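A short write-up of the structure that comes next.
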Amino acid sequence: MHACKQGEEDSVRRTWNEVDQYLTDLLVPPEPALDAALAAIAAANLPAQSVSPLQGKLLHLLARISQARQILEIGTLGGYSAIWLARALQSGGRLITLERNPRHAAIARENIARAGLADVVDVRLGRALDSLALIEMQGLAPFDLIFIDADKVNNPAYLAWALKLSRPGSVIVIDNVVRGGAITDAADAFPGIQGTRRMFELIANTPGLSATALQTVGRKGYDGFAIAIVGTGAPR
Ligand code: SAH
Ligand code: DHB
Ligand code: MG
């Protein structure tokens, strides 16, 4: 990239980071268990794919607003978003989170235990598509809130499962739906982009599923969330 353009881009990113820090300092008070989870995730060299503190707080608020008692998360990593969500559960509530990488799951379990949430969070090791089928067979649905944040190529299948495992009024949140703007590129070679595009088409073609998407900037760059509420099947 041209040196001058690169300079402009650096300055924009610096602003995103400064505003992210400013808002985090004021709105997300330090919380030992969450801070320790992020430190452990970094120390273990897990990918820097946890939601940011402000985004974690958004998930937490959505779970509280919807008074969630049963939460399902697809894609655990080190348990950072799971801790945010589990801390929003109504008393007696539970969260199931799905992770295929044994190292990630082990670190998540440690972080969740340190947060005092081992009794309410069930980290299930395995391919999410397998775990979802088992969850259905075990009669653990419906979930009040479902957070989809795993391999983006499977986003259409995860959305279909979320619809199967939900009820009218359930909230579905999907992470990383903008990817620096790549989402509008129908020819993008990355399978994850095609997966998320197919997922948006499925949302658009599901009667009664009411959705929006927010473009986000901040310490995680330029990305976005989709947020949907399950309907009764009738359009509105
Ligand atoms: N929600 C986490 C971040 C998840 S990163 C947070 O914000 O804290 C995505 C995770 O999904 C990774 O840990 C990855 O190992 C896991 N994953 C990817 N494909 C998967 C699959 N098919 N089944 C289950 N987990 C998967
Ligand atoms: C990335 C970020 C995420 O939140 C995620 O779920 C996967 C990948 C990333 O920054 O590459
Ligand atoms: Mg993500």
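Both ligands and their constituent atoms are indexed starting at 1 by order of listing. In what follows, every heavy atom counts, from backbone to side chain, and hydrogens, waters and symmetry copies are set aside. Every value quoted in this text rests on a predicted model; they were computed, and no experiment measured them.
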Side-chain donor or acceptor of Ser52 paired with backbone N/O of Gln55 under 3.5 Å:
yes
Within-cut-off N or O pair, Asp151 and ligand 1, under 3.5 Å:
yes
Does Asp223 bring an N, O or S atom to under 2.8 Å of the Mg ion (ligand 3)?
no
Nearest neighbour of atom 15 (O) of ligand 1 from the list Arg103, Arg124, Gln49, Glu99, on a heavy-atom basis:
Glu99
Looking at ligand 1, would Glu73 count as a contact under a 4.0 Å heavy-atom criterion?
yes
Keeping the roles fixed (side chain from Thr196, backbone from Ile193), state whether a donor-acceptor pair exists under 3.5 Å.
no
Leu72 side chain near Leu165 side chain, heavy-atom distance below 4.5 Å:
yes
Shortest protein heavy-atom distance from atom 6 (C) of ligand 1, along with the residue and atom involved:
Ser81 OG, 2.9 Å
N/O separation below 3.5 Å, Gly79 to ligand 1
no
Which heavy atom of the protein is the closest neighbour of atom 9 (C) of ligand 1, given with residue, atom name and distance?
Asp149 O, 3.2 Å
Check ion pair Asp10-Arg13 (N to O, under 4.0 angstrom):
no
Atom indices of ligand 1 within 4.0 angstrom of Arg127 heavy atoms, with elements:
23 (N)
How are the rings of His60 and Trp84 set to each other: parallel, tilted or perpendicular (split at 30° and 60°)?
perpendicular
For Ile183, does its backbone N or O pair with a side-chain atom of Arg197 as donor and acceptor, under 3.5 Å?
yes
Near ligand 2 (heavy atom, under 4.0 angstrom), the protein residues are Gln49, Asp149, Lys152, Asp175, Asn176, Arg179, Lys220
Is there a side-chain contact between Glu73 and Leu98 in this structure, where contact means two heavy atoms from C-beta onward sitting under 4.5 Å apart?
no
Atom 7 (O) of ligand 1 - nearest protein heavy atom and its distance
Val51 N, 2.8 Å
Is any N or O atom of Phe147, backbone or side chain, closer than 3.5 Å to an N or O atom of ligand 1?
no
Nitrogen or oxygen atoms of Ala150 and ligand 1 under 3.5 Å apart
no
Which bit of Asp175 gets closer than 4.0 Å to ligand 1, counting heavy atoms only: side chain, backbone, both or neither?
neither
Record the part of His104 in heavy-atom contact with ligand 1 below 4.0 Å; permitted values are side chain, backbone, both and neither.
side chain
Write the atom name of the N, O or S atom in Asp149 that is nearest the Mg ion (ligand 3).
OD1
Any donor-acceptor pair under 3.5 Å linking the side chain of Ser11 with the backbone of Gly7?
no
Under a 4.0 Å threshold between the charged nitrogen and the carboxylate oxygen, would Arg167 count as salt-bridged to Asp144?
yes
Between Asp20 and Trp16, is there a donor-acceptor pair closer than 3.5 Å when you use the side chain of the first and the backbone of the second?
no
The Mg ion (ligand 3) to nearest N/O/S of Asn176 less than 2.8 Å:
yes
Is the backbone N or O of Ala82 less than 3.5 Å from a side-chain atom of Thr97, with the two atoms forming a donor-acceptor pair by type?
no
Checking heavy atoms under 4.0 Å, the part of Tyr158 that sits near ligand 1 is side chain
Does the residue Gly126 have a heavy-atom contact with ligand 1, meaning some pair of atoms that are separated by less than 4.0 Å?
yes
In Asp175, what N, O or S atom is nearest to the Mg ion (ligand 3), if we give its atom name?
OD2
Would you say Glu99's side chain and His104's backbone share a donor-acceptor pair under 3.5 angstrom?
no
Non-hydrogen side-chain atoms of Lys152 and Gln194 separated by less than 4.5 Å
no
Counting neighbours of CZ on Arg219 that are heavy atoms of other residues, nucleotides or ligands and sit closer than 6.0 Å, is the number greater than 12?
yes
Taking Asp188 for the side chain and Phe190 for the main chain, is one N or O donor matched with an acceptor at less than 3.5 Å?
yes
Among all protein non-hydrogen atoms, which one is nearest to atom 24 (C) of ligand 1, and what is the separation to 0.1 Å?
Arg100 N, 3.3 Å
Quick one: look up the protein heavy atom nearest atom 23 (N) of ligand 1 and list residue, atom name and how far away it is.
Ala128 N, 2.9 Å
Any side-chain to backbone donor/acceptor pair from Arg69 onto Ser91? Under 3.5 Å, distance only.
yes
